[in-house]
Amino acid sequence: MDKKTFKRLLQYLKPYWKRLIFAFICMIGVGGLSGLAAYLIKPALDGVFISKNKQMLMLLPIAIMLTYFFKGMFTYLQGYQTHYIAEKVLFNIRNQLFEHIVYLPTNFFDKYHTGEIMSRILNDTEQVQNSIANVIPNTIREIFTIVGLVVVLYVNNYKLAFISTVVFPLAAYPVIHFGKKMKKIGKRRQLSIANITMIIQETLTNIRLIKAFATEKKEANEFLDESDRFLNIKLEAIRIDEATSPLMEFIGSVGIGVLIWVGGYIVFKDMLSVGGFFSFMAALFMLYKPFKTVAKANNEINTSIASVERIFEIIDTEKEKYSGSIRFEGVKDSIKFENVYFSYSGDDKYALKDINLTIPAKSVVALVGESGGGKSTILELIPRFYEPTRGRITIDGIDLRELDLVTLRRKIAIVSQRIMLFNRSVKENIAYGREDLTDEEIIKAAKDAYAHDFIMKLKDGYDTNLGEQGVILSGGERQRIAIARAIVKDPDILILDEATSALDLESEQIVQKALNNLMKNRTVIMAAHRISTAMIADKIVVMKSGKILAQGKHKELLEKCEYYRKLYNLQANGDADIV
Ligand code: ADP
Ligand code: MG
């Protein structure tokens, strides 16, 4: 972890500094008392068992009990405090992350898959939480314990202590080596979890498609492949993780063998009492667990660092710029595209090239042309889902970027072939963003959208839950709910992106009637997949490969635009959709 990441993490801990200090004091207490516990063996052996001192016999058991009582208490208090801090910090990070994500610009969601984002909010935070609650504090506590015990070693016999403090750090080398490996594995593991989440989610969302194509086997195999990769990564991690302890233990046993040789010799020479030697050995054995914890911490902390970096990567992605300050009150004159170029990737693969287009207020402009021609892209630029790469878009002469984004979007309604519904009641879906609406207003909108009748036939009427993406409704019904939602929004600008293209002829007619109600007295820009729908427009714009070929009325275009004529003839001959 570089310094900056570390400093940022500290910022999150800052509000809890008092608790941190308290936890820290408890850790020192635990360390000191562990040392004392080891030390007490010396008077216990020498005083009680060798000298048979009665007073010592009375006092020592009490001293041992008190030592462990306080050590336990400190351990408990420290554990509670660090868990408390970790829960709070991650509570904050998780909330900040989610809030940040909803404000991220649309292109972020083109780049990151839903599963990947979910994994960062859920798995990565969990990993970091464990580090703050357990791994790091336990490590620090064990370091104090090590200090306490090492003091006992030196108090008993500095020669023996010196030998052991040289031998045991040798055990640290393989640990450092494994730590580096673990960090790499940690990154790969999180990636694999994200992939698995993505596969599950995508399979569940598209389950009907999968069944229709009878590709269950193929999808299941894809999961198995990723699952296999995940298993291998985990096994690799386990191999390293599990090798660490036995290896250290073996190195430790060699050290202890040496100590018994040397220590026995020193005791024989009367330079150390028997009690002193056993207290020494006890301290040495007690060192094993803290060393193990400290050694393992390296691996765990490295995994968490990968998680922290992935979390900060999202937090560092810039939010949408709400820079503008001019309130948007509605189009008075016109919306204008002035030499607009746009590329999704930011390079020179332009989805729109040199677009010049005027949409007069309260008029209907229709975009027609081949699929992939750039119609939807034009529509997406108006609510500023994306910003032009070059050129500008203005409303009444004001650059979109100078308008207050919230007031702009509040006055735009979008109805597209991709219908978006929440897993909430009909009522909540229609009144989305307008919690102030009365039932009468909602019903009126539903009637205008030709949705009232079928809503009344639902199990609980307006209170019926629509299920995920409105599964309980037909395509046309879903679209009419979306239209009702647009009606209550009472937008100034209406964007229609092939709103009827996914529907059968019958539903299309009723949805078209609903749309006609919605379009009244608004500035409308629509992408039309049928020239017949486009013909109602005041102006038709013909698009091909990101460029405007021609614009004008239907009759004019038939005369002057060969491509338009071709489209029209294709459809007149029964080919309903533009290909
Ligand atoms: P239309 O609506 O006329 O069918 P689009 O505006 O959707 O066309 O697409 C224009 C071009 O931009 C196409 O080449 C398409 O592949 C590309 N495109 C559309 N959406 C994205 C996106 N989110 N990321 C990258 N490229 C995109
Ligand atoms: Mg489109």
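Order of listing sets the numbers, starting from 1, for every ligand and every atom in it.
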In plain terms, say whether Asp453 and Lys457 are close enough for a salt bridge, that is, a side-chain N and a carboxylate O under 4.0 Å apart.
no

When you measure from the centre of the six-membered ring of Phe328, is the NZ or CZ of Lys411 under 6.0 Å away and within 45° of the axis?
no

For ligand 1, which atoms, with element, lie under 4.0 Å from some heavy atom of Asp110?
23 (N)

Please evaluate residues Phe342 and Tyr350 with respect to the criterion ring-ring contact (aromatic ring centres under 6.0 Å, His included), reporting the C-alpha separation (whole Å), side-chain torsions for both, the decisive distance (0.1 Å), and the verdict.
CA-CA 5 Å; Phe342 176 73; Tyr350 288 107; 8.7 Å; no

Determine, for Tyr450 and Arg480, whether the Lys NZ or Arg CZ falls below 6.0 Å from the six-membered ring centre while staying within 45 degrees of the axis.
no

Backbone or side-chain N or O of Gly374 under 3.5 Å from ligand 1 N or O:
yes

Protein non-hydrogen atoms only, distance under 4.0 Å: does atom 15 (C) of ligand 1 have such a neighbour?
no

Closest approach of any protein heavy atom to atom 18 (N) of ligand 1, naming residue and atom:
Tyr344 CE1, 3.2 Å

Mark up the atoms of ligand 1 that fall under 4.0 Å of a heavy atom belonging to Tyr386, in ascending order.
23 (N)

Cation-pi between Arg565 and Tyr568: NZ/CZ under 6.0 Å from ring centre and within 45° of the ring axis?
no

Does Arg8 pair with Asp316 as a salt bridge, N-O distance under 4.0 Å?
yes

State whether Phe230 and Arg189 meet the cation-pi test: NZ (Lys) or CZ (Arg) under 6.0 Å from the six-membered ring centroid, and within 45° of the perpendicular axis.
no

Is the closest heavy atom of Phe342 to ligand 1 under 4.0 Å?
no

State if Glu370 counts as touching ligand 1 under the rule of any non-hydrogen atom under 4.0 Å.
yes

Using a strict 4.0 Å cut-off to heavy atoms of Gly373, name the atoms of ligand 1 that fall inside it.
1 (P), 3 (O), 8 (O)

Short N or O distance, Ser376 and ligand 1, threshold 3.5 Å exclusive
yes

Please work out which of Gly372, Ser343, Ser371, Ser345 has its closest non-hydrogen atom nearest to atom 10 (C) of ligand 1.
Gly372

Tell me the protein N, O or S atoms under 2.8 Å from the Mg ion (ligand 2), in chain and number order.
Ser376 OG

Inspect the surroundings of NZ in Lys362 and state if more than 12 heavy atoms from other residues, nucleotides or ligands are less than 6.0 Å away.
yes

Which ligand 1 atoms, with their elements, are less than 4.0 angstrom from a heavy-atom of Ala351?
11 (C), 12 (O)

Would Lys181 and Glu236 pass as an ion pair if we require N to O under 4.0 Å?
no

Give a yes or no on whether a salt bridge exists between Glu320 and Arg409, defined as a side-chain N under 4.0 angstrom from a carboxylate O.
yes

Report the nearest protein non-hydrogen atom to atom 9 (O) of ligand 1: residue, atom name, distance rounded to 0.1 Å.
Thr377 OG1, 3.7 Å

For the CD atom of Glu219 and the NZ atom of Lys211, what is their distance to the nearest 0.5 Å?
11.5 Å

Applying side chain to side chain contact (heavy atoms under 4.5 Å, CB included) between Arg94 and each of Val128, Ile311, Ile121, report the one that passes.
Ile121

